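A short worksheet on the structure shown next.
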Amino acid sequence: MATALENIEEKKGLNFIEEAIAADIEAGKVKNSPTQVVHTRFPPEPNGYLHIGHAKAICMDFGAARKFGGKCNLRFDDTNPSKEDTEYVDAIQEDIHWLGFDWEDRKYYASDYFQQLWDLAEEMIKRGLAYVDELSAEEIAAQKGTPTTPGQESPYRNRPVEESLDLFRRMNKGEFAEGTKTLRAKIDMANPNMHFRDPIMYRIIDHPHHRTGTKWHAYPMYDFAHGQSDFFEGITHSICTLEFEVHRPLYNYFAKVLADIKGTTYVPRQIEFNRLNMTYTMMSKRKLLACVKEGLVRGWDDPRMPTLCGLRRRGYTSDSIHSFIDTIGYTKYDGMISIKLLEHAVREDLNKHALRVMGVVDPVKLTITNYPEGKVEMMEMENNPEEPEAGTHKMPFSRELYIEREDFQEVAEKKFFRLTIDKEVRLKSAYIIKCTGVVKDENGTITEILCTYDPDSKSGMPGADRKVKGTLHWVSRKEAVPVEVRLYDNLFTVEDPSADERDFRELLNPQSEVVLPCAYLEPWAAEQARKRVGASHISTENRYYQFQRIGYFCVDYDTTEDHIVFNRTVLLRDSK
RNA sequence: UGCCCCAUGGUGUAAUGGUAGCACAUCAGAUUUUGGUUCUGCUUGACUGGGUUCGAGUCCCGGUGGGGCAACCA
């Protein structure tokens with residue numbers, strides 16, 4: 001049988017966590033664990049939707065298991081019924097699958113372990129390692145001390161074991177009000193690590209639990225649930241973010257207690273990495289929830305949200321998320337990642353796969369005065385120059401077209417090489433045209449551009465080989481399909497919204513979503529988009545397009561047979 | 001004024017005591033029927049002071065700077 005280590009093609013390229021795991025394998029620690037393979041877990045709290053930061057954790061947890069031939073469990077960390085809900089449970093599973101990971105038959109809940117946790121707590125009381133406290137939250141906070149001053153012991157700290165046991169059992173019968181009693185670990189009120197100052201293990205919560213209903217009235221705290229759940233599942237490596245670093249000694253303390261009671265030497269190991277911070281983005285679930293609840297965005301899956309469902313709706317592919325995560329890496333340095341890196345990742349992926357179409361977002365009419373009225377030619381266009389096998393499609397060309405308003409300047413600035421009076425420009429996949437004049441309305445706004453075309457310059461003909469400085473995209477006015485286009489930009493106007501002293505609502509970018517109700521799209525693309533009606537949000541068929549020379553766009557879920565909606569995922573790189 | 005952690009170009013990340021490399025960004029050029037893509041090139045880096053060593057980005061000590069810890073949240 002191959003050892004787990006041999007499953008790694010190359011030991012190089014491992015990040016520091018994977019190196020630690022490899023070392024544990026080598027040291028025989030993994031073999032000593034219950035399942036004898038590298039066993040990780042992804043432990044979301046079902047109190048919100050997953051965001052790009054969670055994707056980083058998911059790739060770590062599931063990725064490490066995959067890399068070492070081990071397993072990764074999905075475990076919902078549902079120890080606080082007042083915040084959690086099943087709505088989130090379903091969404092979380094969909095997002096993990098979207099990223100290409102699967103927990104097989106290992107979907108667990110911390111609430112699966114409520115009984116085991118309870119029994120463990122009772123055992124700890126019996127061993128004199130825990131006691132029921134009757135101080136209020138304020139009192140506990142007051143006697144906890146501060147990071148620089150030691151705390152004081154609770155007057156209930158040394159009460160008889162039987163008394164604590166009796167009170168603890170009654171805490172769970174609904175006999176006491178919320179906040180009146182807690183179970184505390186008896187450790188050390190003067191410890192320099194605040195987490196050792198008799199941490200609360202259980203508190204009373206009178207709120208039905210999404211899975212256990214009203215069976216329990218006392219619920220375990222994170223510190224007394226997480227590591228223990230890891231232990232029950234035989235987790236070898238419990239990987240989490242840096243803010244849990246100071247919890248690790250307590251994690252180890254509780255693990256040792258449990259191992260002693262069980263009479264084993266196996267204990268799970270917690271390792272921490274830096275969480276993802278990204279410019280112009282906020283990861284706080286609380287604030288993200290506020291954006292949703294206050295209607296500041298279209299919902300959890302608003303294309304501006306950093307949530308996985310939001311990014312998906314925006315047009316980000318699962319592959320692009322993976323490549324982004326790969327490039328940012330895992331370290332213990334708490335830095336800030338530029339959102340440009342994410343955009344680069346999606347451009348790189350979409351460049352390879354998105355179908356090229358013509359869409360005019362801000363149209364102005366263009367008339368080719370020497371082109372026959374009523375004539376329509378079907379021009380052939382490559383679906384994807386990066387992928388010739390993707391084939392071609394046809395689009396109609398006629399006397400009256402729309403081009404992009406910004407592609408014309410009456411008086412061209414120095415580096416402008418698009419359309420201007422008396423100059424030639426190429427209409428992509430069609431003819432070379434020359435501007436002869438413009439028509440303006442009473443306000444001086446251009447309403448029509450007049451051109452002539454060179455009949456010998458049709459794409460593919462020898463006359464088309466002439467060098468012209470610019471190439472424009474266009475659509476035929478009569479055949480073009482009006483579509484709604486939603487242009488997206490950063491949700492926030494400042495690089496680091498969470499560091500700003502202003503309320504995050506004041507930092508929202510008013511231009512983060514600009515809806516253009518009437519952009520024009522070539523008919524073939526509209527036809528493709530209609531195939532998306534009724535498609536699942538996860539499916540990728542016919543979803544991603546490049547509007548040539550503008551950016552990448554994807555069909556939005558709001559699309560119906562007669563109302564097509566596109567989201568702008570990201571602009572093309574622009575070296576103008 | 002306690003405890004824990006961190007420090008490599010503008011940003012992020014490699015190296016495992018032996019030539020500081022990669023990606024993104026930036027800038028310049030070539031190619032291009034997308035000002036896209038692709039290709040080429042340039043510029044820019046070890047927080048600081050000691051120590052160990054033939055040799056230190058890497059190990060040790062002291063500073064400095066940053067992050068975390070005082071929810072009955074996770």
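Hydrogens, waters and symmetry mates play no part in the numbers below; they use all other heavy atoms, side chains included. The structure presented is a predicted model; accordingly, all values stated were derived computationally and were not measured.
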B/U13 phosphate, OP1 or OP2, under 4.0 Å from A/Asn274 side-chain N/O: yes
Show me the dot-bracket string of RNA chain B, counting Watson-Crick or G-U pairs under 3.5 Å, with | for pairs to another strand and [ ] for crossing ones. .((((((..((((....[..))))..((((.......)))).....(((((..]....))))))))))).....
Taking the P atom in each of B/C39 and B/A74, what is the distance between them to the nearest angstrom? 50 Å
Which residues pass the side-chain contact (heavy atoms from CB on, under 4.5 Å) test with A/Leu355, sequence neighbours left out? A/Asn383, A/Trp524, A/Tyr545
What does nucleotides 26-43 of chain B look like as a protein-contact string, B for base, S for sugar-phosphate only, - for none, at under 4.0 angstrom between heavy atoms? ------SBBBBS------
In chain order, what residues pass the salt bridge (Lys or Arg N to Asp or Glu O under 4.0 Å) check against A/Lys469, with sequence neighbours excluded? none
Can you check the distance between B/A46 and B/U58, where both ends of the measurement are the P atom (answer in whole Å)? 13 Å
Length of the line joining A/Gln270:CD and B/C4:C1', which is rounded to integer Å: 12 Å
If I pick the C1' atom on B/U31 and the same atom on B/G65, what distance separates them, to the nearest angstrom? 47 Å
When the distance from CE of A/Met336 to C1' of B/A25 is rounded to whole Å, what number comes out? 16 Å
List in chain and number order the residues that pass ring-ring contact (aromatic ring centres under 6.0 Å, His included) with A/Phe244, two or more places apart in sequence or in another chain; answer none if no residue qualifies. A/Tyr222, A/His247
A/Arg549, A/Arg418, A/His473 screened by side-chain hydrogen bond (donor to acceptor under 3.5 Å, both in side chains) with A/Glu404, the one that passes: A/His473
What pair of heavy atoms forms the shortest contact from A/Ser457 to A/Ala464, and how long is it? O-CB, 3.3 Å
Without decimals, in angstroms, what is the distance between A/Leu341 CG and B/A23 P? 12 Å
Roughly how many Å apart are B/U38 and B/C4, using the C1' atom of each and rounding to a whole number? 48 Å
To the nearest Å, give me how far apart CD1 (A/Ile187) and P (B/C3) are. 19 Å
Quick one: classify the glycosidic conformation of B/A71 as syn or anti, with syn meaning within 90° of 0. syn
Mind checking ring-ring contact (aromatic ring centres under 6.0 Å, His included) for A/Phe273 and listing every partner two or more places apart, or none if nothing turns up? A/Tyr330
Rounded distance in Å - CG (A/Leu342) to C1' (B/A25): 15 Å
Sorted by number, the residues of residues 167-175 of chain A with heavy-atom contact under 4.0 Å to RNA chain B: none
Can you name the closest pair of heavy atoms from A/Met171 and A/Thr182 and give their distance? CE-CA, 3.9 Å
Spacing of the C1' atoms in B/G10 and B/C27 (rounded, Å): 13 Å
Starting at atom CZ of A/Arg275, determine the distance to atom C1' of B/C6, rounded to an integer number of angstrom. 16 Å
For B/U44 and B/G67, measure between their P atoms and round to the nearest Å. 30 Å
Taking only distance into account, with no hydrogens and no angle test, what donor-acceptor pairs under 3.5 Å do side-chain atoms of residues 569-576 of chain A form with protein atoms, sequence neighbours excluded?
from: A/Thr569; atom 1: OG1; to: A/Arg314; atom 2: O; distance (Å): 2.7
from: A/Asp574; atom 1: OD1; to: A/Lys576; atom 2: N; distance (Å): 3.0

Minimum heavy-atom separation for A/Pro81 to A/Pro208, with atom names? CB-O, 3.7 Å
Who pairs with A/Phe408 by ring-ring contact (aromatic ring centres under 6.0 Å, His included), at least two apart in sequence or on another chain? none
List the protein contact pattern of nucleotides 60-74 of chain B with one symbol per nucleotide (5' to 3'): B for base contact, S for sugar-phosphate-only contact, - for none; contact means a heavy-atom distance under 4.0 Å. -------SBSB-BSB
Which residues share a ring-ring contact (aromatic ring centres under 6.0 Å, His included) with A/Trp118, sequence neighbours left out: A/Phe168, A/Tyr202, A/Trp216
For B/U26 versus B/G21, give the span between their P atoms, rounded off to a whole number of Å. 23 Å
Verify whether the ring centers belonging to A/Phe224 and A/Phe254 lie closer than 6.0 Å. yes
Gap between atoms NE2 and C1', on A/His344 and B/U11 respectively (whole Å): 14 Å
Are OP1 or OP2 of B/U13 and a side-chain N or O of A/Thr331 less than 4.0 angstrom apart? yes
Looking only at atom C1', what distance separates B/G50 and B/A56, rounded to whole Å? 13 Å
Basic-acidic side-chain contact under 4.0 Å: A/Lys352, A/Glu387: no
State plainly whether the residues A/Arg159 and A/Glu134 are in salt-bridge range, i.e. N to O under 4.0 Å. yes
Only distances under 3.5 Å count here; give the side-chain donor-acceptor pairs of residues 334-341 of chain A to other protein atoms, sequence neighbours excluded, each with its distance to 0.1 Å.
from: A/Asp334; atom 1: OD1; to: A/Asn277; atom 2: ND2; distance (Å): 3.0
from: A/Ser338; atom 1: OG; to: A/Lys340; atom 2: N; distance (Å): 3.1

Please report, rounded to the nearest Å, how far the P atom of B/C4 is from the CG atom of A/Leu250. 16 Å
